[in-house]
Amino acid sequence: MKFISTRGGEKVTGAQAIVRGLSTGGGLFVPEKFPQVSAGEMREMLEMSYPERAAKILYKYLDDYDEKELLSACEEAYAKFDGDPAPLVRIDDGVYILELWHGPTCAFKDMALTLLPYLLRKGCDICGIKEDILILVATSGDTGKAALEGFKDARGIKIMVFYPSDGVSKMQKLQMCTQEGGNVNVVAVRGNFDDCQSAVKEIFASAECAEKLLEHNVRLSSANSINFGRLAPQIAYYFSAYLDLVTSEQINMGDEIDFTVPTGNFGNILAAYYAKQMGLPVRRLHCASNMNNILTDFLLTGDYDMHREFYKTTSPSMDILISSNLERLIFETSGRDCKLTEKRMKQLKEEKAYSITPEERAAIARTFDGGFADEDECVEAIYDVFIDTGYTMDTHTGCAMKVAVDWFEKNKNDETKMVVVSTANPYKFPQDVLYAVTGNDVKDSFKGIKRLHAATAMEVPKSLLTLREKPVRFTTVADSKCLFDEVLKFVNR
Ligand SMILES: *Cc1c(COP(=O)(O)O)cnc(C)c1O
């Protein structure tokens with residue numbers, strides 16, 4: 001399987017796509033064509049464990065890797081999870097929650113980032129790369145911690161994480177700033193996530209930066225959700241959820257289902273779209289946003305317009321105005337027109353807006369629709385589900401639940417099963433979830449955890465409880481213009 005760039009001009013192997021992260025010229029790597037999963041393979045996968053299913057899907061894209069080794073890497077990665085890596089919970093007739101937060105950092109990013117170090121290390125070996133790898137990550141909160149945890153003390157790899165100084169939750173910040181490991185560094189960047197992500201993207205796009213780093217025997221790579229190595233492991237859980245619905249006799253093989261996905265950078269929901277392109281019977285994908293509802297508007301109008309206010313919400317991992325992975329979707333629905341995709345991305349950068357044609361919009365609308373929850377609606381969704389079923393969800397999942405409920409209200413006779421994707425453990429956002437469930441406000445996160453436990457009796461993950469005792473190792477705050485100086489300091493250390 002070869003990979004091409006959304007902005008044209010390149011054709012690379014899977015290993016190269018993963019090692020490089022981004023193509024020259026800033027395009028994203030996409031598979032040359034979508035591999036198919038046959039009915040026979042679906043039946044075989046029914047019997048498989050999660051790591052076996054994941055390895056099967058991955059190998060369809062990454063056939064330059066060794067199949068057996070991929071399987072053992074998946075087994076090792078998902079052994080770091082607490083039980084089933086992607087369990088389905090039935091909360092109502094025809095409504096299920098796919099819990100993707102049983103990994104080491106309690107957010108869905110672990111699904112891919114526990115595996116990425118292997119994909120990258122091995123990718124370097126396949127490509128014959130001798131230099132050390134430096135991973136740069138811009139994070140809206142959860143990616144940073146999951147990447148740090150995944151890459152800590154990895155051989156020949158250093159990792160540096162940048163987060164917006166006033167754009168992550170206290171818990172997320174603590175998780176990152178107390179990170180252990182000899183090869184890690186964490187820097188706060190003044191501004192919001194988009195400033196942070198743009199600054200990091202600029203380093204990646206700069207030939208001058210690359211040259212300077214090569215003088216230090218260092219090569220850049222990315223663990224952001226634009227890296228195909230992040231996307232590929234995410235495709236697997238859509239297959240797995242479907243197969244679990246079949247084995248638990250909730251659906252018959254071949255029935256179509258819907259997913260509602262809490263969306264920020266469009267990576268998670270894009271993986272669902274890729275699964276559909278591979279033949280998974282998916283009917284509709286509901287893209288859920290918070291008040292930063294640029295995607296809701298885009299799906300409705302075909303206009304992607306950043307001229308709007310940026311809100312800081314209680315679902316910070318979705319506080320994003322530039323959804324980078326959307327480039328891969330508009331590339332597909334433009335008929336894989338790389339010139340047009342490049343032009344639109346240039347417009348986005350220069351004019352902060354672009355539009356797709358009515359035909360393209362209609363093509364997207366055949367699969368996607370969008371909705372959003374404001375802060376009160378998110379609270380209400382969490383509260384309603386808790387009161388009705390006893391199930392506790394986090395703020396991101398709360399936004400998704402609101403969008404799913406809206407769908408059912410508009411489509412009362414819809415019998416299609418709905419899977420709401422749950423992206424974080426509620427204890428990652430303890431004060432906000434406590435407020436939603438009980439109406440109580442507490443100032444301190446750990447008090448929030450204690451009270452939330454008292455209210456819900458849900459088990460508290462140890463990794464969050466022990467944060468309190470860990471020493472803070474990283475306190476640097478930098479200007480978004482000076483990030484490369486910080487990179488050089490780290491490399492010279
Ligand atoms: C990253 C994240 C999201 C958004 O996922 P994308 O792939 O960026 O769309 C949603 N919820 C949580 C908890 C996250 O960490």
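Each ligand, and each atom within it, is numbered from 1 in the order the structure gives.
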#### Entry: Closest to atom 7 (O) of ligand 1 (judged by heavy-atom distance), picking from Val421, Asn268, Asn224, Asp142
Asn268

### Message
Tell me which pairs pass side chain to side chain donor-acceptor pair (under 3.5 Å) where either residue lies in residues 453-466, with sequence neighbours left out.
### Response
none

### Summary
Between Lys158 and the options Val184, Ile135, Val487, Leu134, the side-chain contact (heavy atoms from CB on, under 4.5 Å) test singles out Leu134

### Task
Any chance you could measure Arg473, atom CZ, to Cys177, atom SG, to the nearest 0.5 Å?
11.0 Å

### Summary
Among Lys145, Lys109, Lys428, His396, closest by heavy atom to atom 14 (C) of ligand 1 is Lys109

### Query
Under 3.5 Å between some N or O of ligand 1 and some N or O of Ala424?
no

### Task
For Thr263, counting its heavy atoms only, list the atoms of ligand 1 lying under 4.0 Å from any of them.
9 (O)

### Task
Give the residue and atom name of whichever protein heavy atom lies nearest to atom 4 (C) of ligand 1, and the separation in Å to one decimal.
Gly264 N, 3.5 Å

### Query
Does NZ in Lys60 sit with more than 12 non-hydrogen atoms of other residues, nucleotides or ligands closer than 6.0 Å?
yes

### Message
Check Glu327 with Arg7, please: is the shortest side-chain N to carboxylate O separation under 4.0 Å?
### Response
yes

### N/O separation below 3.5 Å, Phe266 to ligand 1
yes

### Message
Under a 4.0 angstrom heavy-atom cut-off, which atoms of ligand 1 come close to Pro262?
### Response
4 (C), 10 (C)

### Message
Considering non-hydrogen atoms of the protein only, which is the closest contact for atom 6 (P) of ligand 1, and what is the distance?
### Response
Asn265 N, 3.5 Å

### Task
Compute the minimum heavy-atom distance from Ser225 to ligand 1 and say whether it is under 4.0 Å.
no

### Summary
Residues passing the side-chain hydrogen bond (donor to acceptor under 3.5 Å, both in side chains) test with Asp166, sequence neighbours excluded, are none

### Message
Return the closest protein heavy atom for atom 11 (N) of ligand 1 as residue, atom name and distance.
### Response
Thr423 OG1, 2.8 Å

### Query
What residue and atom, counting heavy atoms only, is the protein's closest point to atom 5 (O) of ligand 1, and at what distance?
Phe108 CE2, 3.5 Å

### Query
Do the ring planes of Tyr274 and Phe228 sit parallel (below 30°), tilted (30 to 60°) or perpendicular (above 60°)?
tilted

### Query
Counting each atom of ligand 1 from 1 as listed, which ones have a heavy atom of Gly267 under 4.0 Å away?
6 (P), 7 (O), 9 (O)

#### Entry: Between Arg283 and Thr416, a side-chain donor and acceptor under 3.5 Å
yes

